[in-house]
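Single-structure report; data block below.
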Amino acid sequence: MKSPGKNDGFVRRQFLQLAGGSALAAATGTALVGGTGPASAAISGRTNRPADLPAATGPRCVVVGGGAFGATLAKYLKKENPKFDVVMVEPNALYMSCFLSNLWLDDLIDLNTLQHSYCDAARSNGYVWLQGKLIDLDRDAKRAYTSEGYIDYQFIALAPGIDYNYASIGITDPAMAAACAQNFPAGFKPGSEHLSIKGKLANFEKGVFLTTVPVGNYRCLPAPYERACMIAAYFKKNKIKGKLVLLDPGEQPFAPKAPGFLAAFKELYPDIIEYRPSTTIKSVDPIKKTVTTEFETIGFDDAAIYPRVRAAKLIEDLGLSDPKGPQMEADIDVHKYFAKGDRTCYVGGDCRPMPFSKSGNTANSEAHYVAKVIAATAAGKDVDWMSPQTICYSMVNGKPEEAIVVKAKYDKGKFGFTDVELDNKRSPALALAAHEWGAGLYRDMFA
Ligand SMILES: Cc1cc2nc3c(=O)[nH]c(=O)nc-3n(C[C@H](O)[C@H](O)[C@H](O)COP(=O)(O)OP(=O)(O)OC[C@H]3O[C@@H](n4cnc5c(N)ncnc54)[C@H](O)[C@@H]3O)c2cc1C
């Protein structure tokens, strides 16, 4: 469905009045005359009526997704320019954190620590939370179609996170993919998957619990190894006669932290963790509970199977993906985050194409920068590139709590690691720092 040019003109006029015409036109360049129409057809019903929102009080910025990137961006857009009228579109009733969730598996934190209220975040930071889902986007008309109605915007930023690619582990039949996702969820998307894995552990009495590492740049590179440690710690503490089998296509765990993880596997869990590097999954049978690698077929009693990730399908559906990218990430300017040729539409977080670590701290620090980019663009100015900051603690022991850590920034050219700080000697001090880091990140996103 193509929006009429009438609306297009109205939105542009309104934006120019609100933001100061000539500066903005210079800053937004082709976006004021270009962009693309909606990606899909047949928008109807509720979606084709205006969303029930207060009238815009300034240039309207729509943020899609209330994760580490989106929640931070919504807050910091208001800080960068209090005149921005910010609406965050997020379908979930509350935020449930992926980062720190492995600690919950061994009861080192409670569920409350992971959960945060979108009402409170929006109220504290002066933006509006619309509980709904982005369905389509008309970038010519600058109109976002959501499950709750459409929103006309001056700027939009999308951060819908990741989806899984089950074909990457040999599952092409949709019924089998659904069975695998439901019976053995990966636990790398927020919400139900984590609850499911926690329940599986509570009911696990003996046998093989299988976990896997995907290929590619997957969400949180150290997390599968941290999870293996936390599940093993839970088995040890509760005297469960279980074996944790970890299949890894790589030759060793995530490189900077490999010594710390390998020491933990060997010294803390020699009879529990069976780590199998250089093992690529060829197929999975979620009904017979088997995984076939290039060497053998392995049976399991329960599992959390993590396929290769890809950018959320929404990014592809809206025509924002780079079709040449193996993970269908967004085709954006890699320094300024706008969709190529459109300075009113931005994409960030784990669906970015840059090879940064797909992690919460990275997305949070990146959102601080993108808020500055959008505010500067609205004012006809520019800002210097700022590197995201990756900070990743991994809890490797539960009793006593001990962690390892890596921190890094990125160079502006090929985005390789710079300013690396690494500590692979597990310690209670780093475990304490991990809790403090998590609390600080939640504060920065929501308080
Ligand atoms: C087990 C585990 C451990 C981790 N440990 C760490 C760690 O120690 N350190 C670290 O820094 N990171 C860690 N991470 C990674 C971190 O959680 C993610 O990288 C981060 O959450 C990515 O943020 P995001 O905003 O891109 O995506 P998300 O946080 O996934 O947010 C995406 C949001 O978009 C919403 N959405 C999707 N589709 C739509 C739509 N159509 N309309 C509107 N909204 C939509 C979703 O509901 C979701 O709320 C870990 C992750 C896991 C799973």
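Just the heavy atoms: all of them, side chains too, but no hydrogens, waters or symmetry mates, feed the values below. Both counts, for ligands and for their atoms, begin at 1 and track the order of listing.
The distance from ligand 1 to the heavy atoms of A68 drops below 4.0 Å at these ligand atoms: 23 (O), 25 (O), 29 (O). Annotation for ligand 1: atoms under 4.0 Å from non-hydrogen atoms of F99 are 4 (C), 5 (N), 6 (C), 7 (C), 12 (N), 13 (C), 14 (N), 17 (O), 50 (C). For ligand 1, the atoms lying closer than 4.0 Å to a non-hydrogen atom of G187 are 53 (C). Atoms of ligand 1 found under 4.0 Å from any heavy atom of Y393, numbered from 1 in the order shown, are 8 (O). The distance from ligand 1 to the heavy atoms of N92 drops below 4.0 Å at these ligand atoms: 47 (O). Atoms of ligand 1 found under 4.0 Å from any heavy atom of F69, numbered from 1 in the order shown, are 25 (O). Of all atoms in ligand 1, listed by their number and element, those nearer than 4.0 Å to a heavy atom of G161 are 27 (O), 32 (C). Close approach to P91 involves these atoms of ligand 1, each under 4.0 Å from a residue heavy atom: 43 (C), 44 (N), 45 (C), 47 (O).
Aromatic ring orientation, F261 versus Y225: tilted (interplanar angle from 30° to 60°). In this pair, Y118 and W129 present their aromatic rings tilted. The plane angle is within the 30 to 60° band. Below 30°, between 30° and 60°, or above 60°: for H335 and W385 the angle between ring planes is above 60°, a perpendicular geometry.
Of the options R352, M230, E90, the smallest heavy-atom separation from atom 48 (C) of ligand 1 is shown by E90. Distances from atom 42 (N) of ligand 1 to the heavy atoms of L94, L100, L134, V62 show the closest one on L134. In this structure, of D350, I315, L441, the residue bringing a heavy atom nearest to atom 22 (C) of ligand 1 is D350. The option from S101, G70, C220, G348 that lies nearest to atom 1 (C) of ligand 1, judged by heavy atoms, is S101.
For the ligand labelled ligand 1, residue K189 lies outside the 4.0 Å heavy-atom shell. For N364, the heavy-atom gap to ligand 1 stays at 4.0 angstrom or more. Residue-ligand proximity: S97 is placed with every non-hydrogen atom at 4.0 Å or more from ligand 1. Within the 4.0 Å heavy-atom shell around ligand 1 one finds W437. Using a non-hydrogen distance threshold of 4.0 Å, A159 registers as a contact of ligand 1.
Under the 3.5 Å distance criterion, with hydrogens and angles disregarded, no donor-acceptor pair is assigned to the side chains of K412 and S387. Between the side chains of T362 and T390, at least one donor N or O sits under 3.5 Å from an acceptor N or O. Side-chain N/O atoms of T344 and Y153 include no donor and acceptor closer than 3.5 Å.
Counting heavy atoms under 4.0 Å from ligand 1, residue A223 touches it through the side chain alone. At a heavy-atom cutoff of 4.0 Å, ligand 1 is contacted by no atom of Y95, backbone or side chain. Neither the backbone nor the side chain of E226 comes within contact range of ligand 1; no heavy atom lies under 4.0 Å. The proximity of K358 to ligand 1, defined as any non-hydrogen pair under 4.0 Å, is limited to the backbone.
For the pair N102 and ligand 1, the shortest N or O to N or O distance does not fall below 3.5 Å. Any N or O atom pair closer than 3.5 Å counts here, and C392 shares no such pair with ligand 1. At least one N or O atom of G360, backbone or side chain, sits closer than 3.5 Å to an N or O atom of ligand 1. Taking distance alone, with nitrogen or oxygen atoms compared against 3.5 Å, L314 stays at or beyond that limit from ligand 1. Among the atoms of R219, some N or O lies under 3.5 angstrom from an N or O of ligand 1.
Relative to the six-membered ring of Y164, K189 meets both conditions, a distance below 6.0 Å and an angle of at most 45° to the axis. A cation-pi contact links K198 to W104, judged by a cut-off of 6.0 Å to the six-membered ring centre and 45° from its axis.
What sits closest to atom 39 (C) of ligand 1 on the protein, heavy atoms only, is P160 CB, 4.1 Å. Scanning the protein for heavy atoms near atom 29 (O) of ligand 1, the closest one is G67 CA, 3.4 Å. Of the protein's non-hydrogen atoms, the one nearest atom 53 (C) of ligand 1 is F188 CD2, 3.2 Å. Ranking protein heavy atoms by distance to atom 2 (C) of ligand 1, first place goes to C98 O, 3.5 Å.
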Just distance, no hydrogens or angles: give the donor-acceptor pairs under 3.5 Å from side chains in residues 85-93, sequence neighbours left out.
from	atom 1	to	atom 2	distance (Å)
D85	OD1	R60	NE	2.8
D85	OD1	R60	NH2	3.0
D85	OD2	T57	N	3.1
D85	OD2	T57	OG1	3.1
E90	OE1	G66	N	2.7
E90	OE2	N92	N	2.9
E90	OE2	N92	ND2	3.4

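The ring of Y275 has its center closer than 6.0 angstrom to the ring center of F265. Between F209 and F184, the distance separating the two ring centers is not shorter than 6.0 angstrom. Aromatic ring centroids of F235 and F204 lie under 6.0 Å apart. Close placement of the F446 and Y95 rings is indicated, their centers lying within 6.0 Å of each other. Checked against the 6.0 Å centroid criterion, the rings of F188 and H194 do not qualify as a close aromatic pair.
Under the 4.5 Å side-chain criterion, counting only non-hydrogen atoms from C-beta, Y127 is not in contact with F84.
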* To do: Starting from the C-alpha separation in whole Å, work towards a yes-or-no answer on salt bridge (charged side-chain N to carboxylate O under 4.0 Å, His left out) for E366 and R352.
  => CA-CA 10 Å; E366 182 175 66; R352 74 179 88 74; 2.6 Å; yes
Steps toward side-chain hydrogen bond (donor to acceptor under 3.5 Å, both in side chains) verdict (N364, T72):
CA-CA 6 Å; N364 163 265; T72 308; 3.2 Å; yes
